[in-house]
Amino acid sequence: MKLSKKFVVPPELALLYDFVNSLDLRQYTEKGKQHEGHDELATAGQLEEWMRERGLLGARAHVSAQAHRMALKLRAAIRDYLGVAPEDRSAQSQAIVQLNELSAAFPLAVAASGGGRITLDPAPRSSALARVLGEMCLLSVTARLERLKVCSSEECLWVFFDRSKPGNRRWCSAALCGNRHKTRSYRQRQREREVSSLRASLRSI
Ligand SMILES: [Zn+2]
């Protein structure tokens with residue numbers, strides 16, 4: 001099942017969403033089950049399958065080892081970029097430099113089609129994965145790219161699309177990652193209180 005279907009994200013960013021989350025770094029326990037984390041694109045063969053499933057690769061075409069390496073680098077660069085908090089993305093950063101460098105290997109071209117539609121499609125001889133960058137570009141133009149962000153939980157790091165009205169969510173799920181964070185900070189505060197009252201009672205001895 002495609003992740004974009006499972007988590008119901010707008011169709012125009014489905015490919016981008018599936019691509020960045022093909023690296024699953026979740027390590028928390030959900031409903032008694034421990035997330036193990038895995039990479040859907042660990043090998044060139046897996047990338048071929050992933051692309052074929054999405055109509056990005058012909059039945060007989062193959063992904064070379066070099067193309068596989070580049071795809072993983074592109075994914076890392078996009079994840080790093082999305083990992084920058086939206087309010088900080090306007091500042092120059094290593095993530096921007098890296099994304100621009102990688103994007104050069106996945107060129108896009110303007111494609112006009114019937115119906116007056118103009119889209120950004122992979123340029124001739126470019127990898128079909130360039131479509132991921134096309135989706136990113138569209139999201140930026142429609143001011144929704146800042147809604148795509150990495151979950152603030154270190155043991156999650158899932159890339160989620162923030163549908164909340166103010167667009168200020170930090171966690172992919174308030175019920176899971178948000179709650180874990182709240183419980184943890186509550187325990188932390190409780191421990192601090194216990195330590196300071198213990199210190200106070202020791203001083204009074
Ligand atoms: Zn999360």
Side-chain angles (χ1 to χ4, degrees), residues 1-42 46-47 50 53-54 71-91 93-96 98-99 102 129 131-133 135-140 142-196:
M1 178 171 214
K2 287 179 190 165
L3 298 166
S4 49
K5 292 250 162 60
K6 185 175 170 191
F7 293 95
V8 200
V9 295
E12 61 274 23
L13 61 105
L15 191 64
L16 171 60
Y17 185 86
D18 282 352
F19 186 58
V20 288
N21 282 319
S22 59
L23 179 65
D24 183 355
L25 297 170
R26 292 175 297 172
Q27 284 178 357
Y28 56 86
T29 308
E30 183 178 358
K31 292 178 191 154
K33 194 175 160 272
Q34 168 80 37
H35 281 286
E36 304 264 300
H38 74 284
D39 187 353
E40 264 188 279
L41 312 179
Q46 281 173 298
L47 177 59
W50 187 94
E53 200 188 337
R54 290 161 179 83
L72 296 191
K73 280 187 179 179
L74 177 68
R75 185 180 64 182
I78 298 176
R79 284 187 61 97
D80 283 354
Y81 179 82
L82 298 175
V84 176
E87 60 273 22
D88 297 329
R89 287 183 196 164
S90 55
S93 65
Q94 186 52 35
I96 289 181
Q98 200 182 304
L99 181 61
L102 259 300
L129 276 181
R131 288 198 185 282
V132 169
L133 292 170
E135 288 193 355
M136 231 179 144
C137 189
L138 178 69
L139 278 186
S140 167
T142 53
R144 286 174 301 163
L145 189 56
E146 61 265 32
R147 287 184 170 262
L148 200 60
K149 38 196 161 179
V150 175
C151 179
S152 290
S153 164
E154 281 295 316
E155 54 194 349
C156 177
L157 303 175
W158 187 260
V159 177
F160 71 101
F161 185 71
D162 184 355
R163 289 172 177 277
S164 71
K165 211 168 179 194
N168 58 0
R169 271 176 52 191
R170 289 178 54 203
W171 294 286
C172 68
S173 157
L176 290 171
C177 298
N179 247 343
R180 264 199 328 277
H181 176 80
K182 270 187 216 147
T183 315
R184 206 164 287 159
S185 4
Y186 172 76
R187 284 199 193 127
Q188 173 78 20
R189 279 197 305 276
Q190 209 172 24
R191 261 196 304 272
E192 281 164 10
R193 268 199 299 274
E194 279 165 13
V195 168
S196 57

key: Set of residues satisfying side-chain hydrogen bond (donor to acceptor under 3.5 Å, both in side chains) with respect to R187, sequence neighbours excluded   = none
ask   = Does a side-chain heavy-atom distance below 4.5 Å link Y186 with Q190?
value = yes
task = Only counting residues at least two apart or in another chain, list the ones meeting salt bridge (charged side-chain N to carboxylate O under 4.0 Å, His left out) with R26.
result = D24
ask   = Is the number of heavy atoms from other residues, nucleotides or ligands under 6.0 Å of E154 CD greater than 12?
value = no
query = Listed by chain and number, what are the salt bridge (charged side-chain N to carboxylate O under 4.0 Å, His left out) partners of R89, not counting sequence neighbours?
reply = none
inquiry  = Going by salt bridge (charged side-chain N to carboxylate O under 4.0 Å, His left out), name the residues that satisfy it together with E155, two or more places apart in sequence or in a different chain.
reply    = R180, R184
Set of residues satisfying side-chain contact (heavy atoms from CB on, under 4.5 Å) with respect to A42, sequence neighbours excluded = D39, Q46
task = List in chain and number order the residues that pass side-chain contact (heavy atoms from CB on, under 4.5 Å) with E36, two or more places apart in sequence or in another chain; answer none if no residue qualifies.
result = Q34
key: Residues in salt bridge (charged side-chain N to carboxylate O under 4.0 Å, His left out) contact with R170, at least two apart in sequence or another chain   = none
key: Aromatic ring pairing H35/Y28, orientation class (parallel under 30°, perpendicular over 60°, tilted between)   = perpendicular
ask   = For V150, what residues pass the side-chain contact (heavy atoms from CB on, under 4.5 Å) criterion, not counting sequence neighbours?
value = L82, L157, V159
request  = Using a 4.5 Å cut-off on heavy atoms from C-beta on, say whether the side chain of F7 contacts that of F160.
outcome  = no
Note, L16 side chain near I78 side chain (heavy atom, < 4.5 Å) = yes
request  = Sequence neighbours left out, what passes side-chain contact (heavy atoms from CB on, under 4.5 Å) with A77? Give chain and number order.
outcome  = Q98, L99, L102
message = Which residues pass the side-chain hydrogen bond (donor to acceptor under 3.5 Å, both in side chains) test with T183, not counting sequence neighbours?
response = none
inquiry  = Among residues at least two apart in sequence or on other chains, which ones pass ring pair (Phe, Tyr, Trp, His ring centres under 6.0 Å) with H38?
reply    = none
query = Run the salt bridge (charged side-chain N to carboxylate O under 4.0 Å, His left out) check on E53 and K2 step by step: do they pass?
reply = CA-CA 9 Å; E53 200 188 337; K2 287 179 190 165; 5.2 Å; no
query = By side-chain hydrogen bond (donor to acceptor under 3.5 Å, both in side chains), which residues pair with S4, not counting sequence neighbours?
reply = D18
task = For L47 and L72, run side-chain contact (heavy atoms from CB on, under 4.5 Å): C-alpha distance rounded to whole Å, both residues' side-chain angles, the deciding distance at 0.1 Å, then the answer.
result = CA-CA 10 Å; L47 177 59; L72 296 191; over 6 Å; no
